[in-house]
Structure formats: structure tokens, C-alpha cells
There are 4 protein chains.
Amino acid sequence: MASVTEQARRKQIVDAAVAVIAGDGYAKASFGRIAKQAGLSSTGLISYHFANKRELMDEVVRTVLAEFTEFVLARTDTGEGPAAQLRAFIAANVEFASTHRTHLLAMLDVARAEPSDGPDPLLEADLRGLAELLREGQRLGEFREFDADVMAMAIRSARDGLLLRLRADPGLDLAVYTEELLTLFDLATRRTR
Amino acid sequence: MASVTEQARRKQIVDAAVAVIAGDGYAKASFGRIAKQAGLSSTGLISYHFANKRELMDEVVRTVLAEFTEFVLARTDTGEGPAAQLRAFIAANVEFASTHRTHLLAMLDVARAEPSDGPDPLLEADLRGLAELLREGQRLGEFREFDADVMAMAIRSARDGLLLRLRADPGLDLAVYTEELLTLFDLATRRTR
Amino acid sequence: MASVTEQARRKQIVDAAVAVIAGDGYAKASFGRIAKQAGLSSTGLISYHFANKRELMDEVVRTVLAEFTEFVLARTDTGEGPAAQLRAFIAANVEFASTHRTHLLAMLDVARAEPSDGPDPLLEADLRGLAELLREGQRLGEFREFDADVMAMAIRSARDGLLLRLRADPGLDLAVYTEELLTLFDLATRRTR
Amino acid sequence: MASVTEQARRKQIVDAAVAVIAGDGYAKASFGRIAKQAGLSSTGLISYHFANKRELMDEVVRTVLAEFTEFVLARTDTGEGPAAQLRAFIAANVEFASTHRTHLLAMLDVARAEPSDGPDPLLEADLRGLAELLREGQRLGEFREFDADVMAMAIRSARDGLLLRLRADPGLDLAVYTEELLTLFDLATRRTR
DNA sequence: CATGAATGAGGATTCATTCAT
DNA sequence: CATGAATGAATCCTCATTCAT
């Protein structure tokens, strides 16, 4: 279980699925299209490596989420204070959204189309850390008193909104966008004297 | 053309489509499910009233968008200044999101799954007015200098984020949520001395 | 039964059916298209006047066949000898094929698509008279000894071939075509000295 | 691509389609009937091997046309003069019409129901060679001066007429029919004294 | 492991026909 | 008589999944 070839094939298939979903949307992401995108000669191969479509899609989400988390954490855990970390977090989000646009779009599409049962782990895991950071900032007096969960959701939503904008308008100036969001949430969170 | 019965049936079918999409997602919204939800005896009846699935989905979007626009505009165009209008706009958005949760979820699902050609009219029409309001506030000196398009997107995204939260957690305290968002964007937009 | 209005409606529907079949082929000749062609507001009206589709199609065949027979007979029964009558018959066939192209095409399409049980009455009735004429010519010594049924079929087939040509190439020179067929069958039938 | 199994299945399906069309007519030739005729468990298998119905029908036409052309050419290209070749051509046509009745009927039905765009290749390709043979005979002085296109059409139509007769009356004496047609067109084409 | 053929359920859509008004 | 809404069977086609090789 989990030989090298096996791992490589699964990755190949997941990557193809990401590309198809990001390109044509989840609705058009059939095994047929994914197999063609991956250069496979049979959809049977996908079924061989994944128990069913749901499992493939779960892996798509898991993979992108792992990349994303690693990317963002590496840029956020800087040992600086919460305010600085929040700035780093937002910047990292925007950067990932632009460099991994297809991955993120695919993940959001899947999450919307195949909602998991109960509280969405995506929604939760992603937000928990951010809310914790915000609360830490409040404890240290760098942030004003706001509802950390609402603020976290607003920050994450702003990044998702950027994704939609990027889909419609790929030539967007990200430097400006980043700066605007940094200022926006700086003003929204900082201790009001 | 467009008799009373006809209109009633179309509305019935659109309502059923909204319910199915909000409940099971767009991917599962087949004519079969919609017909069952609507209590129709045959999917043929849907085809009788709508040229094809796309036309039905377009009407779903159009219907919800009309409700939404009317609801929000009625609460926003108060003759007050931009800052007050922005507060009204955000409050109206949150209120509509909670009272018409299924409608809004369905609309967003359809818009994501069936992207229209060219710039998404949903994305555009919805945002244009908000950005205009923000610029007006800047002209009048009520708002600071920010990129109105980015800010508009952030505001709308915050509302969409609320929707997702509501789906996962229907018991959410909306009064708190509204108040938090009002403060958030008040701080983010107001003229910094 | 068979009031004036009734008759008029049936004719209107049959004419529309002929136009649709000749234009788009039997396969596309749905009640919906026929109703639209006839300017009717409902396909129900067709069902009201015809027990079922088969009956409508039978009437299409019957109607065209009646027109055709009347047209040809009027030009053939000239009181002249069989050879002259054969010439008149062929000329009349070509003329009808050109002036009533749609009608004849529709009839042939229906006859091919909905073959009646047993010996095709179209095939029979149409040919019987012609074969009889040929045999009469043989009795009178104007024609050589050939199989009258085969010859009759060849003559009728030549006219059907003309129809196909007309469908593909409407600008055909019929005067030439007629003359050629007259000579062809004159040579084929006349007493060889 | 084009494995042995693949070819065998395609042939099996085409054969079943021919049988159904010849038996019940093109209008009744649904995937369901064809699958049943072929002993397949699902219409999906037909879709697996043919991109769509049109492609299947095109292959039906192509297959029969290839058989027919090969059959007739092998009996016509005898190195003899045009008159002898014409006799061979007619005899071969009649023979093929009797031995491959279903195939020919199916082909004609499809060609009538699914007219290709532009000039019908069936109508054209089939006739071109025959007309050429006739013109060659005129150049060599074996045939009289007639319109070669009209004559070619008459000859082909006579064969189609035989097909219709065979459908209605399978017990037809073909030896007689052949002899009659040979004489008919010999008289019609040969140089007059 | 990989292939491609096969399966059968489910998809949207078309259609002839029925029926209340 | 005419209308248009409704019905349900049938059509082609797509798809995830299975399985022998």
C-alpha cells in the first residue's frame, strides 16, 4: 500500500483533476475528462486508484489544503507579534491565490459541490488558526475587541473574493490589491486609541 | 403568452429548483429532483415551460437577484449620506442573507457552476452600485482614500462568507454578526483624521 | 361529421404536414412543427382532427395521390393510341414532379417511412394503370413484347429519380429531361421492326 | 485504436442497424432496437463505440456503399466495350439488389432521412462513374447521342424500383427482371441504325 | 499495474396524445 | 371547436464503476 508508483499515479490524477475543475468547473469534471487531461488511456485507472469519485475529490481538497497551509504557515510564523503576523497572513493568502489560482479555485468548487457532512472541516480548520491569532493579538493589546470568528471569516472571504475576481480578470494588479487588503484589515483590527 | 397559469407554474418550478440547489447543491439539481420537489408528475413539464436547463437556471438567478436588489435598494436609498447608506447596505445584506438563505445560496451555486460568457453580470452589476456609493463617500470626504473596487469586493465577500457560515451553523446570532461587520467596515472606510 | 370547417382544417393541417415533410424530412415532421407551419396554436388541434399521426400521414398520401392521379389522368386519357398516351403519361409525370415537387417528395417520404402492411397500395394502384396501358399497346401492335410490369416500374422509377435530382438541384432544365425520357422509353417500348 | 475487438463490435452494431432499418425503417431505428437486435445489454455500448447516431448511420452508408461498389466494379471492369460493360453493370446491380436487399434498403433509407450537406455524395459518386461509361460509349460510337446524366439516373432508378418491388414481393423472378432491364436499356442506348 | 471493453443507471429533451376549460 | 397545459414513454447520450485480460 502506497508504493512509489502508486503515489505518483495518485498525484498525477489529482493534478489532472485540479486542472479540469479549475478550467471547466466541477460539473464538467468527469473521469473521462480527467483521464484525458492526465494522458491516461482509461478511466478505469482512476477507479483503480481511488475507491470512488468522492475519494478523489476529497484528495483534491486535502492536497490543495496541505499546500496552502504549508505555504501560509511558513510565511506567517515569523516570531513577530500578531499584527505583523496578520499582515504576513493576508499577504501570503493573496500570493497563494495568485500563484496557485487553479488549485484554490478547484478546491473551492469541490467544497461547494460536495459539502461534507456536519461542520465543514475546510471552513473550520482553515479559520481556527486565524481566529486564534486574532485572539492572541487582542490579549496582547495589539488588536481592539472584536469577534474573532467574524473577523477571521471576513478575512478569508476577502481572499475568496479575490479568487473570483482573478477568474474574471486575470490581469489584476495584485500589488495594489494586497496593499488595499492590508490597510483595510489593519484599520479594522488595530487598537483604536 | 405568459398567462397566469404559466407564470404560476414557472414560479413553482423556479422555487423548487432553488430549494433543491440550496439543499443538495447545483450538481445534484437534476430535472428529476426538481420535479419531485415541485410535486410534478414528469420532468417533461419542466421542459414544457423552459426551453432548456440553462433557461431555468438563468431564471433562478434572475429571480433571486431581483428580490435581492429590491430588498437591498429599498433599505439603502434613504437619502442619507454615504456612510449611513453603507451601514444600511451591509445591514440589508446580512438580513437578506439570513431571511433568504436558500435563495442566495442557490444563486451563488448556479453562478459558480454556469459561468456566463464574458464578465459575470452578477459580479459586475452587484458590485458597481456599491463601488459607486463608496466613491461618492470619498468625494464628500466621509470616506478615506481606498480602492473602491477592492473595498466593494471585500464587503460583498464578507456577506458570502456569512452565507457559508449560516449553511454550516443555522443558529448563528445575526445581531452580533451584523454589528461586527458594521464596525469592521466603518473602521476600514472612515476618514482617518 | 365532415362539416365545412372540419374539411378546411384538415386540409390546412395536411398542407402544413406536406410542407414540413418536404422541407425537413419525415423524421423532423413532429406535430409541433406541423402546428407551427400551419399557424396553429396547439398540437392538440391536430389530434382533435386526426385520430393519430398515422391517420394524418395516410391522409397526406391519399391527398397527394389524388391530386397526382387526377393531374396525370386528365393529360393521358386523350383518346389517342397507347404510344401517344405513354408519351403524355411521361410528360405529365415530369410536369407534376416539377410543379408539385414538395407534395410528391412528402408522399414518397411518408410511404418509405410508414410502409403499409401487405402490398403497398401506392405501389400497386399507381402502377396498375400504367401496366394496363402498356399491355394495350402490345395488343395493338404499337409496342414490342416486354414485361409490362417491369417496364411500368422502370418508368415510375425514372420519375422518382427525377424528384431526387430536383431536390438536390432545383435549377434543372425540365424540358431537356422530359425530352430525354420520352425518347428513352419510346425506344425501349416501340415495336422493333 | 481500432483493435480487433473494436472492429468486430462496430461491425456487429452496423449489421444490427442495417437489419433494423431494412426491417422497420429508419424512423424506428432507435439505439434501443439496434441494441436488442445486436444482443447488446445496453444502448450505452453503442454510444461507447460511436460518437453519436449520425456517425453510426454514416458508417452504415459507408459500409454498404463499399460492398456495393466493390461488387459492381468487379463485375463491370471487364476490359470489354462500353455496351458490354453497361450490361454487366445492370446485371450486377440487380444481383446485388437481390443478394444484399436489406443492406441496400437500409442505405437508401438512411440517405433519404439524413441528407448530407451539399450535393448528396451517394447520388453523385454512384452516378458519376456510370455517366462516364455512357459518354465513353458515345465517343466510341456504340451508344446514340443522349444525355448521359439523365440516362444514368434512369438506370439507377430502375434498380431502386426493383428494390421496392423486392420488399413488397420477395419471390420475384430475378432472371426475368434482369433480362427485361438489359433489353430495355440496350434499346434505349444503342446506336440507332 | 494498466487497459479497454462493458454495464446500467441517470441525464435532458422531444413527442404524440389527453383533457379541462 | 379551439386552446394550452399536462402526461409519460421514448430518445440519445454521459457517466462512474466493474472486470477480464
Side-chain angles (χ1 to χ4, degrees), chain A residues 3-6 8-9 27-35 40-57, chain B residues 1-10 27-35 40-57, chain C residues 3-6 8-9 27-35 40-57, chain D residues 1-10 27-35 40-57:
Chain A
S3 75
V4 171
T5 319
E6 165 84 8
R9 266 277 183 263
K28 302 276 184 60
S30 66
F31 276 16
R33 289 199 188 212
I34 295 170
L40 307 177
S41 54
S42 168
T43 64
L45 192 56
I46 300 178
S47 290
Y48 179 81
H49 287 283
F50 295 89
N52 49 42
K53 194 172 186 179
R54 167 114 210 182
E55 204 196 72
L56 167 57
M57 291 306 159
Chain B
M1 205 184 300
S3 73
V4 169
T5 319
E6 165 84 6
Q7 299 252 221
R9 264 280 183 264
R10 286 178 71 101
K28 302 279 183 58
S30 67
F31 275 16
R33 288 199 189 211
I34 295 170
L40 307 178
S41 61
S42 162
T43 66
L45 191 55
I46 300 178
S47 291
Y48 178 77
H49 287 284
F50 295 89
N52 47 44
K53 194 171 185 178
R54 166 119 210 176
E55 205 195 72
L56 168 57
M57 291 307 160
Chain C
S3 76
V4 169
T5 318
E6 165 85 7
R9 267 277 181 264
K28 302 277 185 61
S30 66
F31 276 16
R33 288 197 190 213
I34 294 170
L40 306 176
S41 54
S42 167
T43 64
L45 192 57
I46 300 179
S47 290
Y48 179 80
H49 287 284
F50 295 89
N52 48 42
K53 195 173 186 180
R54 167 114 210 183
E55 204 195 72
L56 167 58
M57 291 307 160
Chain D
M1 204 183 300
S3 71
V4 168
T5 318
E6 165 84 6
Q7 299 252 222
R9 263 280 182 264
R10 285 178 72 100
K28 301 281 182 56
S30 66
F31 276 15
R33 288 198 189 212
I34 295 170
L40 308 178
S41 62
S42 162
T43 65
L45 191 55
I46 300 179
S47 291
Y48 177 78
H49 287 284
F50 295 89
N52 49 44
K53 194 171 186 178
R54 167 118 210 176
E55 204 197 71
L56 168 57
M57 291 307 160

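From a predicted model like this one, the values you see are computed outputs, not experimental measurements. Throughout, a chain's letter reflects where its sequence line sits, starting with A, and its residues are numbered from 1.
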>> Please classify the nucleic acid contact of Thr43(B) as base, sugar-phosphate, or nothing, using heavy-atom distances under 4.0 Å.
In response: base

>> Just the rounded figure in Å: distance from C1' of dA5(F) to CD1 of Ile46(B).
In response: 15 Å

> Quick one: on DNA chain F, does Lys53(A) or Tyr48(B) contact a more 5' nucleotide (nearest heavy atom)?
Replying inline: Tyr48(B)

>> Using Watson-Crick or G-U wobble geometry with both distances under 3.5 Å, which nucleotide pairs with dC1(F)?
In response: none

>> Here's a test of your reading of the structure: between Ser47(C) and Leu40(D), which maps to the more 5' nucleotide of DNA chain E?
In response: Leu40(D)

>> Over all strands shown, is Ser41(D) touching base, sugar-phosphate only, or nothing at heavy-atom distances under 4.0 angstrom?
In response: sugar-phosphate

>> Please evaluate residues Ile46(B) and Lys53(B) with respect to the criterion side-chain contact (heavy atoms from CB on, under 4.5 Å), reporting the C-alpha separation (whole Å), side-chain torsions for both, the decisive distance (0.1 Å), and the verdict.
In response: CA-CA 9 Å; Ile46(B) 300 178; Lys53(B) 194 171 185 178; over 6 Å; no

>> Rounding to an integer number of Å, can you tell me how far Glu55(A) CD sits from dA16(F) C1'?
In response: 14 Å

> Which whole-number value in Å describes the distance from Ile34(C) CD1 to dC15(E) C1'?
Replying inline: 12 Å

>> Could you tell me how far apart Phe50(B) (CZ) and dA6(F) (P) are, to the nearest whole angstrom?
In response: 12 Å

>> Nearest whole Å is fine: how far is dT14(E) C1' from Lys28(C) NZ?
In response: 13 Å

>> Return whichever of Gly44(D) or Leu45(B) has its heavy-atom-nearest nucleotide of DNA chain F closer to the 5' end.
In response: Leu45(B)

> Closest heavy-atom contact between Leu56(B) and Phe31(B)?
Replying inline: CD2-CE1, 4.0 Å

> When you match Ala27(C) and Thr5(D) each to their closest nucleotide on DNA chain E, which lands nearer the 5' end?
Replying inline: Thr5(D)

> Please give, in whole Å, the distance from dG4(F) P to Arg10(B) CZ?
Replying inline: 16 Å

>> My understanding is that a pair needs two contacts under 3.5 Å, Watson-Crick or G-U wobble. By that rule, which nucleotide pairs with dG8(E)?
In response: dC15(F)

>> Between His49(A) and dC1(E), is there a contact of a side-chain N or O with OP1 or OP2 at under 4.0 Å?
In response: no

>> For Ser42(D) versus Ala35(D), what's the shortest heavy-atom pair and its separation?
In response: O-CB, 4.2 Å

> Between Glu55(A) and His49(A), which heavy-atom pair has the shortest distance, and what is it?
Replying inline: OE1-O, 4.2 Å

> Who is the Watson-Crick or G-U wobble partner of dA10(F), with both distances under 3.5 Å?
Replying inline: dT13(E)

> So what does Ser30(C) touch, heavy atoms closer than 4.0 Å: a base, only the sugar-phosphate, or nothing?
Replying inline: sugar-phosphate

>> Whole angstroms only, please: what is the CD-P distance between Glu6(D) and dT3(E)?
In response: 17 Å

>> Does Ser42(C) reach a base, just sugar-phosphate, or nothing at all? Heavy atoms under 4.0 Å.
In response: base

>> Between P on dA16(E) and CZ on Arg33(C), what's the gap in Å once rounded to a whole number?
In response: 11 Å

> Within less than 4.0 Å of OP1 or OP2 of dG4(E), is there a side-chain N or O belonging to Arg9(D)?
Replying inline: no

> Closest heavy-atom contact between Arg33(B) and Lys28(B)?
Replying inline: CD-O, 3.0 Å

> Could you give the distance from OH (Tyr48(D)) to CZ (Arg9(D)), rounded to the nearest 0.5 Å?
Replying inline: 11.0 Å

>> Categorize Phe31(D) for me: base, sugar-phosphate, or nothing, with a 4.0 angstrom heavy-atom threshold over every strand shown.
In response: sugar-phosphate

